[in-house]
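Just below is one structure, and these are the notes that go with it.
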There are 2 protein chains.
Amino acid sequence: MLSQIAASEDLVFFRPHQFLTREHDRPEALYDILEGWACRHRLLPDGRRQITALYLPGDLCDPMWSLTPTCHEPVIALTNVRATRKSLVDPSTIDRHKGFSSRLAESVERQSNWLVSLGRKTAVERLAHLLLELFERMRRAGLAYGQQCALPLTQTDIADATGLTAVHVNRTLQSMRSKGVLELHSKWLRIPDLGALRDLAALGPHDAL
Amino acid sequence: MLSQIAASEDLVFFRPHQFLTREHDRPEALYDILEGWACRHRLLPDGRRQITALYLPGDLCDPMWSLTPTCHEPVIALTNVRATRKSLVDPSTIDRHKGFSSRLAESVERQSNWLVSLGRKTAVERLAHLLLELFERMRRAGLAYGQQCALPLTQTDIADATGLTAVHVNRTLQSMRSKGVLELHSKWLRIPDLGALRDLAALGPHDAL
DNA sequence: CCAGTGAGTTAGCCTATGTTAGCGTCGGGC
DNA sequence: GCCCGACGCTAACATAGGCTAACTCACTGG
């Protein structure tokens, strides 16, 4: 039934800051991210920015199109991105896409987790949580090597995802590094002790991650 | 086709703090809230609490059951609640429920808005945003009278929804009251100047509300 | 009638985090 | 080889909001 969903599958590329989807776009395509990271975000009138979702390699990047007829949060590339573009014949068939609803569920649950993080957690907890989540996702995508994985975000990106300041992200990462709970150099993350980081993340007993 | 979805429709009541749905419950019922307010929330191990959704009269309260096979955030009553319980014959038919997917879309978009609020907004902005949203929802439900509506939340509830402290919510509300942008006494909200409050809320140009 | 409880309020102090600003390094483009 | 713009990093200072604690005012229940 794939033919009903994707008329064509093209290989496409994006550079950092390029839009995959603009605000108010109507559903036309899904992107299967092969390489690179992207995010969904929102800007306040005065420039404050909040990242509301991250798309990693292996993720199906759909700006909630099964739910909203028009995209209300732009999606932009954070790094170079290589993806296959699946243009949609009939948007109403989106949800027939393979594994679609379970992916959607994941992403909504993640958003819920972030909500708790932003609302109630300290800087250390937010960072621990975010980095654990990202590591885990990379691992599931087969892109982790032992306790390590790529993490191509700038500290500013991390700040915009965690609701902190770039300066404070730096401070906090420093202190976490010095305590040996994580290493993060030149876009590469290493977590010597998963358990320790987990403890720092103030996860509820049932948080899946 | 209603018969396929709801085997029975009972009138049910809840008292404050009573569970409509517990964590790990499996989908059994939806509640159509006739009267009273409820919320979905999450507790951190040390007691910190974040409210992740509010259910008002007229809302269909479903803890994301179309998405997750098991409820990961409990739903509890904040006030006395009167609702009709629609028990589900076959959970997989949830999404056939009338207007279901558009309600789901709304709730996901709201969650997105809250994310931005918690991540990037000040106390005044968060409160303005929340109160505007609630007033607007009450208005749509036909429960607003002019510029006023019921708002049966305690300041602690408001704090847990906005990621602030009850004390700080109080301080901030005081100052907003004294500036005349809102009145909030004995569970009753009045907004003398919608526009003024809107300005305080730091909404993006395209935030629906 | 009184005790107990939950809610709103206020005050004083404290600290996590924001702000501003500046430095050094790196890599790309010319 | 030189600029220039990102980015990471640091330091000094400023503040929004957290924390603790106390007092009041309903209510509720016995």
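Keep in mind the model is a prediction, meaning the values are calculated, not measured. Letters go in sequence order (proteins before strands), and every chain restarts at 1. Heavy atoms only: backbone and side chains are in, while hydrogens, waters and symmetry mates are out.
- The CG atom of A/D46 sits 14 Å away from the C1' atom of C/dT19 (whole-angstrom rounding).
- Among the heavy atoms of the strands lying under 4.0 Å from B/T122 are primed sugar atoms or P, OP1, OP2 only; no base atom is included.
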Handout entry: Worked verdict on A/E183 versus A/W188 for side-chain hydrogen bond (donor to acceptor under 3.5 Å, both in side chains)
Key = CA-CA 8 Å; A/E183 292 167 38; A/W188 192 253; over 6 Å; no
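- Contacts of A/E23 classified as salt bridge (charged side-chain N to carboxylate O under 4.0 Å, His left out), with partners at least two apart in sequence or in another chain: none.
- The distance from atom CZ of A/R48 to atom C1' of D/dA16 is 13 Å, rounded to the nearest whole Å.
- Shown here are the side-chain contact (heavy atoms from CB on, under 4.5 Å) partners of A/T154, two or more places apart in sequence or in another chain: A/T156, A/D157, A/K187.
- Every residue two or more places apart in sequence or in another chain that forms a salt bridge (charged side-chain N to carboxylate O under 4.0 Å, His left out) with B/R40 is listed here: B/E73.
- Take B/F135 and apply the ring-ring contact (aromatic ring centres under 6.0 Å, His included) test, not counting sequence neighbours, and it matches no residue.
- Annotation: side-chain contact (heavy atoms from CB on, under 4.5 Å) contacts of A/L43 (sequence neighbours excluded): A/R49.
- Note that the CG atom of B/L132 and the CG atom of B/L134 stand 9.0 Å from one another [nearest 0.5 Å].
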Exercise for the section: Could you encode protein contacts along nucleotides 22-30 of chain C as a string, one character per nucleotide from 5' to 3', using B for base contact, S for sugar-phosphate-only contact and - for no contact, with a heavy-atom cut-off of under 4.0 Å? Expected result: ---------
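- When the side-chain contact (heavy atoms from CB on, under 4.5 Å) test is applied to B/A141, the partners found at least two apart in sequence or on another chain are B/L143.
- With rounding to whole Å, A/K121 atom NZ is found 17 Å from C/dA16 atom C1'.
- Protein atom CG of A/L151 is 14 Å distant from nucleotide atom P of D/dC7, rounded to whole Å.
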Exercise for the section: Check step by step if salt bridge (Lys or Arg N to Asp or Glu O under 4.0 Å) holds for A/R103 and A/E106. Expected result: CA-CA 5 Å; A/R103 286 176 198 250; A/E106 265 178 51; over 6 Å; no
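- With sequence neighbours excluded, no residue forms a ring-ring contact (aromatic ring centres under 6.0 Å, His included) with B/Y55.
- End-to-end axis angle of the helix from C/dC1-D/dG30 to C/dC30-D/dG1, from C1' rotation axes over five pairs per end: 40° (rounded to 10 degrees).
- Residues B/D32 and B/L30 have side chains not in contact (no heavy-atom distance under 4.5 Å, counting atoms from C-beta outward).
- Within a 6.0 Å radius of CZ in A/R22, no more than 12 heavy atoms belonging to other residues, nucleotides or ligands are found.
- B/Y31 has its ring centre less than 6.0 Å from the ring centre of B/F14.
- Contact annotation for A/A123: backbone-only contact, meaning every heavy-atom pair under 4.0 Å involves sugar-phosphate atoms and none involves a base.
- The nearest heavy atom of DNA chain D to A/A166 and to A/R120 marks one nucleotide each, and the one closer to the 5' end goes with A/A166.
- Applying the side-chain contact (heavy atoms from CB on, under 4.5 Å) rule to A/S175 yields the partners A/K179; only residues at least two apart in sequence or on another chain are considered.
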Anything under 3.5 Å between a protein N or O and an N or O of nucleotides 5-8 of chain C, put it in a table, one pair a line.
from	atom 1	to	atom 2	distance (Å)
C/dG8	OP2	B/Q155	N	2.8

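- Atoms CD1 (B/I158) and P (C/dT9) sit 10 Å apart, rounded to a whole Å.
- One atom, CG of B/L173, and another, P of D/dG17, lie 13 Å apart when rounded to the nearest Å.
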Practice task
Determine, for nucleotides 19-30 of chain D in 5'-to-3' order, which nucleotides have protein heavy atoms under 4.0 Å from the base (write B), from only the sugar-phosphate (write S), or from neither (write -).
Solution key: BBB---------
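- Distance CG (A/D160) to C1' (C/dG18): 14 Å, rounded to an integer number of Å.
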